[in-house]
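So the structure is just underneath, and the comments pick up after that.
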Amino acid sequence: MSPVRVRFAPSPTGFFHIGSARTALFNWLYARHTGGTFVLRIEDTDKERNSDEFLQVIYDSLRWLGLNWDEGPLVGGGFGPYRQSERADIYRAYLDKLSDAGRTYEREGATFFRISGKPQIIDDAIRGRVERTEEKDFVIIRSDGNPVFHFVNVVDDIAMKITHVIRGEDHLSNTSKHTELFQAFGAPMPVYAHIPLILKQHGPGKMSKRDQGALIEEYQRRGFQPEALVNFLCLLGWSPKNDQEKMPIEEIIRLFDLPAVHQGNARFDEKKMAHMNMAYLHAMTPDQYYAVAAKYLGGTGFLALHRPEEEYLRSVLALCQVKVRSLEELPAAIGYFFTEDFPYDAKSAEKIRSKGDPCARLQEFLDALTSADFSSDASLETWLQGLAASKGMSTSDYIHPGRFAFSGGSAGPTFYGVLRVIGPERAGRRIRRFLGIMGPSLSAQ
RNA sequence: GUCCCCAUCGUCUAGCCCGGUUAGGACACCACCCUUUCACGGUGAGAACCGGGGUUCGAAUCCCCGUGGGGACGCCA
């Protein structure tokens, strides 16, 4: 059997859709699984709707997802050019073959293809036998001289020696047009594999451009991990059948195969996507996490605003990695580490007040602070236990007001971790701020 | 309307091809544990074979018919 050649053939007419991403992914996986070639071809025959800006979106999205192409724009290959707008000569030559065989005619300035009208039967690698009969001749060259999708798609698949056409089910009904053309050219038919569609998570129909989570650039912007998105996407319509979900890409490549792809459509689920993303974030080493988190924070303007020292930022991120579910939550979750002007949460304040005398505890805490050992969370814990014991209090009598004074809220990483990272200077300053603001209002009641 | 495809927990799915399972896993939800908090993590609970006919000793699994869902019917791709 000849080596596998698959292609992803997007049209630069819009943003990069999650369904397109999965089609690209399945093609890429099949190429990598079989040791074949993954071709990128740009179907830009519709001049009205194409733009270089969209072209760039395709390149960026594929690269971000890690779906490198072996042949195509920017990388070249033996079957170029890889943009249909540059292949007019090839289409002319193939059109002549059809015309010479008497399979074309003109009407109203457009060139029509004369179908055979015979039942078209394909043995789809995913669907099995599918039969459909094409009933009408169809346009292959528009009256403005530009070739139509069905024509260029088939011509290029022939010219580029594509062996497997892996595409969305929305093309299944078009396939009879395509097989008619393959036969008219006397070309061998590729193996077809029609993958299920991704349905929108709420409401009827397939996922459309306007749906939440439909665009790859959205995930990019929101700081999702591309590996997590790829992992999630391959589980939409395919399964390794062994209950594995989070898998390294090498494992996915090893296990992926066409017959295991489902026939039914799959509904998108942002919660499961978010969970996968979290799993990848939590599995990172502190260095890896720092790299992606710092990059994300840079993009949001957080870094420009607070200008943190690298070592301090590193400590904060190491402390918060397991506490935060996505990079998006980061700015809100770690803001108080970098400013003295963080707000006090009213509800948390109420809770603190109701539980005891936070000002008295924090005054004691402040007085004892110079004797605290900041070398580790454990040494701080020992120190606080000593303080609590000497005052006849429990550590939580200090922890809750302390957390509030340090962060303005009641949730966050371990208290001793926060104390260690912010250090004695900030800790003292924040307690004095708390006493200054909250002391008078408390005694007034 | 015509044609094509599909059908297991709310969702993603395993099991189906080669009939015999307490129908398994994950997300979500709920409870408990862990914990100074919030998460994470752990344990547990609830939750499905679309309906009807066949075939068979026996059907989620094979066949047919309904129903439901999806897609295609452009001088878009």
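A, B, ... follow the sequence lines: proteins, then strands. Residue 1 opens every chain. From a predicted model like this one, the values you see are computed outputs, not experimental measurements.
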Minimum-distance nucleotide (side-chain atoms of [X] versus [options]):
{"X": "A:Tyr416", "options": "B:U36, B:C6, B:U11", "result": "B:U36"}
{"X": "A:Asp243", "options": "B:G25, B:U37, B:A28", "result": "B:G25"}
{"X": "A:Val139", "options": "B:C75, B:U37, B:A72", "result": "B:C75"}
{"X": "A:Phe415", "options": "B:C4, B:A72, B:U36", "result": "B:U36"}
{"X": "A:Val148", "options": "B:A77, B:C12, B:G41", "result": "B:A77"}
{"X": "A:Lys241", "options": "B:A77, B:G70, B:G15", "result": "B:G15"}
{"X": "A:Lys323", "options": "B:U36, B:A72, B:C38", "result": "B:C38"}
{"X": "A:Glu245", "options": "B:C38, B:G25, B:C40", "result": "B:G25"}
{"X": "A:Leu197", "options": "B:G70, B:C27, B:U36", "result": "B:G70"}
{"X": "A:Ser239", "options": "B:A14, B:U36, B:U37", "result": "B:A14"}

Do you see a donor-acceptor pair shorter than 3.5 Å between the side chains of A:Asn277 and A:Ser326?
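The answer is no; no qualifying pair exists.
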For the residue pair A:Asp287 / A:Thr285, report whether a side-chain donor-acceptor contact shorter than 3.5 Å exists.
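The criterion, which ignores hydrogens and geometry beyond distance, is not satisfied for A:Asp287 and A:Thr285.
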Nearest-Å distance once atom [atom1] is located in both [N] and [M]:
{"N": "B:A60", "M": "B:G51", "atom1": "P", "result": "10 Å"}
{"N": "B:C64", "M": "B:U55", "atom1": "C1'", "result": "11 Å"}
{"N": "B:U56", "M": "B:C63", "atom1": "P", "result": "16 Å"}
{"N": "B:U67", "M": "B:U22", "atom1": "C1'", "result": "31 Å"}
{"N": "B:C30", "M": "B:C16", "atom1": "C1'", "result": "32 Å"}
{"N": "B:U8", "M": "B:G69", "atom1": "P", "result": "14 Å"}
{"N": "B:A23", "M": "B:C18", "atom1": "P", "result": "23 Å"}
{"N": "B:A59", "M": "B:U21", "atom1": "P", "result": "10 Å"}

What's the [atom1]-[atom2] distance between [X] and [N], to the nearest Å?
{"X": "A:Arg167", "N": "B:C5", "atom1": "CZ", "atom2": "P", "answer": "15 Å"}
{"X": "A:His202", "N": "B:A28", "atom1": "NE2", "atom2": "P", "answer": "14 Å"}
{"X": "A:Asn277", "N": "B:C12", "atom1": "CG", "atom2": "P", "answer": "20 Å"}
{"X": "A:Asn174", "N": "B:A72", "atom1": "CG", "atom2": "P", "answer": "9 Å"}
{"X": "A:Arg267", "N": "B:A7", "atom1": "CZ", "atom2": "C1'", "answer": "12 Å"}
{"X": "A:Met207", "N": "B:G69", "atom1": "CE", "atom2": "C1'", "answer": "18 Å"}
{"X": "A:Phe406", "N": "B:U36", "atom1": "CZ", "atom2": "C1'", "answer": "13 Å"}
{"X": "A:Lys177", "N": "B:A77", "atom1": "NZ", "atom2": "C1'", "answer": "12 Å"}

Could you pick out which residue, A:Asn265 or A:Arg22, lies toward the 5' side of RNA chain B when each is mapped onto its nearest nucleotide?
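Closer to the 5' end of RNA chain B: A:Arg22.
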Both A:Thr133 and A:Gly237 contact RNA chain B. Taking the nearest nucleotide for each, which residue is further toward the 5' end?
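Looking at the nearest nucleotide for each, A:Thr133 comes out on the 5' side.
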Applying a 3.5 Å limit to both distances, which nucleotide forms a Watson-Crick or G-U wobble pair with [N]?
{"N": "B:A48", "value": "none"}
{"N": "B:C27", "value": "B:G10"}
{"N": "B:U35", "value": "none"}
{"N": "B:A72", "value": "B:U2"}

Given A:His178, which partner from the list A:His150, A:His171, A:Gln120, A:Gln183 fulfils the side chain to side chain donor-acceptor pair (under 3.5 Å) test?
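The passing option is A:His150.
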NA contact type, [X], heavy-atom cut-off 4.0 Å: base, sugar-phosphate, or nothing?
{"X": "A:His194", "answer": "nothing"}
{"X": "A:Thr414", "answer": "base"}
{"X": "A:Arg403", "answer": "base"}
{"X": "A:Gln244", "answer": "nothing"}
{"X": "A:Pro204", "answer": "sugar-phosphate"}
{"X": "A:Gln263", "answer": "sugar-phosphate"}
{"X": "A:Gly205", "answer": "sugar-phosphate"}
{"X": "A:Ala110", "answer": "base"}
{"X": "A:Gly412", "answer": "base"}

May I ask you to say whether A:Arg7 pairs ionically with A:Asp156, meaning some side-chain N is under 4.0 Å from a carboxylate O?
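Salt bridge absent between A:Arg7 and A:Asp156.
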For A:Arg420, is there an ion pair with A:Asp377 - N to carboxylate O distance below 4.0 angstrom?
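Judged by the 4.0 Å cut-off on N to carboxylate O distance, A:Asp377 and A:Arg420 do form a salt bridge.
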OP1 or OP2 of [N] less than 4.0 angstrom from a side-chain nitrogen or oxygen of [X], does that happen here?
{"X": "A:His262", "N": "B:U13", "result": "yes"}
{"X": "A:Arg142", "N": "B:A77", "result": "yes"}
{"X": "A:His275", "N": "B:C27", "result": "yes"}
{"X": "A:Lys351", "N": "B:C38", "result": "no"}
{"X": "A:Arg127", "N": "B:C6", "result": "no"}

So, under a plain 3.5 Å distance rule, would you say the side chain of A:Ser143 forms a donor-acceptor pair with the base of B:C75?
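Such a pair exists between side chain and base.
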Aromatic plane relationship, A:Phe38 with A:Phe8 - under 30° parallel, 30 to 60° tilted, over 60° perpendicular
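Ring orientation, 0 to 90° scale: parallel.
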Under the rule for side chain to side chain contact (heavy atoms under 4.5 Å, CB included), what residues qualify as partners of A:Glu227, not counting sequence neighbours?
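Scan of A:Glu227 (side chain to side chain contact (heavy atoms under 4.5 Å, CB included), adjacent residues dropped) gives A:Gln225, A:Tyr280.
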Over 12 non-hydrogen atoms of neighbours within 6.0 angstrom of CZ in A:Arg267:
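Enclosed: over 12 neighbouring heavy atoms sit under 6.0 Å from CZ of A:Arg267.
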OG1 of A:Thr179 to CG of A:Asn174: how many Å apart, nearest 0.5 Å?
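Reported value, rounded in 0.5 Å steps: 10.5 Å.
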Give the table of side-chain donor-acceptor pairs shorter than 3.5 Å for residues 15-22 of chain A, with sequence neighbours excluded, one pair per line with atom names and distance.
{"unit_1": "A:His17", "atom_1": "ND1", "unit_2": "A:Gly19", "atom_2": "N", "d": "2.9"}
{"unit_1": "A:His17", "atom_1": "NE2", "unit_2": "A:Met207", "atom_2": "O", "d": "3.0"}
{"unit_1": "A:Arg22", "atom_1": "NH1", "unit_2": "A:Leu236", "atom_2": "O", "d": "2.3"}
{"unit_1": "A:Arg22", "atom_1": "NH2", "unit_2": "A:Pro196", "atom_2": "O", "d": "2.2"}

